[in-house]
Amino acid sequence: MTDNELLLAISNMIQPVREDIQGIREELREVKADVSTLKTDVSTLKTDVSTLKADVSVLKTEVSTLKTEVSELKKDVNILKKEVDELKTGLRKVEAGLEEVKARVKRIELTQENIILPRLDTIESCYTTTYDKYRESVETYESIKQDVSIVKKVIAEHSERLQKIS
């Protein structure tokens, strides 16, 4: 075998390896491009995760604040419940007192109807009768007063005449 043949045989053996290496190089370029894309994507993901962490931190703070506010609202609601219960108790007492007042008013109405009004009618009747008597007496009194005045004048005239005669 000659050198040329040997070189040709080696060249023929290396040619497929070269082609394989060339294919591997192309695949490596593709892998490098993919890795570069992945690096960009990972960088974007890191930024997104960082933003999410900040958002979650804000949400945690807000949830904590909401928990505090809900706790305060629960306390306020409990206070309101107690106050409503007290108001209900007070209202029951007022209702009971109102029933007592209604009963007393009913007794007062009955007393007025059965005792006071008949007595007032009697008093009015007596007053009216007495008024009528005195009115008549006043008329008679005025008449008597005029008569006495006339009698005085007549007596005075008679006294003058008697004085003149004597």
Side-chain angles (χ1 to χ4, degrees), residues 1-139 142:
M1 210 181 238
T2 65
D3 287 332
N4 276 341
E5 289 177 346
L6 190 58
L7 283 173
L8 187 60
I10 292 174
S11 179
N12 284 340
M13 286 173 71
I14 293 180
Q15 185 63 29
V17 172
R18 278 188 190 165
E19 289 174 1
D20 286 344
I21 289 175
Q22 188 64 25
I24 291 173
R25 282 184 181 164
E26 287 177 16
E27 287 178 11
L28 277 177
R29 281 189 207 116
E30 289 176 9
V31 168
K32 281 183 180 180
D34 289 346
V35 167
S36 177
T37 304
L38 283 175
K39 282 182 179 180
T40 304
D41 290 348
V42 166
S43 175
T44 303
L45 283 175
K46 282 183 179 180
T47 303
D48 290 348
V49 166
S50 176
T51 303
L52 284 174
K53 282 183 179 180
D55 290 348
V56 166
S57 176
V58 169
L59 285 174
K60 282 182 178 179
T61 304
E62 289 176 355
V63 166
S64 176
T65 302
L66 285 174
K67 283 182 179 179
T68 303
E69 290 175 356
V70 166
S71 175
E72 290 174 6
L73 285 174
K74 283 182 179 179
K75 289 177 186 176
D76 291 346
V77 166
N78 285 334
I79 291 170
L80 285 174
K81 282 181 180 179
K82 288 178 185 177
E83 290 176 355
V84 166
D85 288 342
E86 290 173 5
L87 286 173
K88 284 180 180 178
T89 302
L91 185 58
R92 285 187 200 105
K93 288 179 182 178
V94 168
E95 287 174 345
L98 185 58
E99 290 301 318
E100 183 181 325
V101 168
K102 284 181 181 178
R104 291 182 72 192
V105 166
K106 187 68 175 175
R107 284 194 307 266
I108 290 169
E109 288 173 344
L110 289 173
T111 300
Q112 284 179 343
E113 183 179 338
N114 295 326
I115 298 172
I116 295 173
L117 290 177
R119 285 184 174 182
L120 282 175
D121 288 342
T122 303
I123 291 169
E124 179 185 18
S125 174
C126 288
Y127 176 78
T128 304
T129 305
T130 304
Y131 173 76
D132 289 341
K133 283 181 186 178
Y134 283 118
R135 188 182 67 206
E136 290 173 11
S137 294
V138 166
E139 291 172 2
E142 288 296 322

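Atoms considered below: every heavy atom in the structure, side chains included; atoms not considered: hydrogens, waters and symmetry mates.
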key: side-chain contact (heavy atoms from CB on, under 4.5 Å) against T129, all qualifying residues, sequence neighbours excluded   = S125, K133
Tabulate below the donor-acceptor pairs under 3.5 Å that side-chain atoms of residues 81-88 make, not counting sequence neighbours, or state none.
none

message = Give me each pair satisfying salt bridge (Lys or Arg N to Asp or Glu O under 4.0 Å) with a member in residues 22-42, each pair once, sequence neighbours excluded.
response = none
Donor-acceptor pairs are to be reported for all side-chain atoms of residues 51-72 against protein atoms at under 3.5 Å, with residues two or more places apart or in another chain.
residue, atom, partner, partner atom, Å
T51, OG1, T47, O, 2.9
T61, OG1, S57, O, 3.0
T65, OG1, T61, O, 3.0
T68, OG1, S64, O, 3.1

Distance-only donor-acceptor pairs under 3.5 Å for side chains of residues 99-121, two or more places apart:
residue, atom, partner, partner atom, Å
T111, OG1, R107, O, 2.8
N114, ND2, L110, O, 3.3

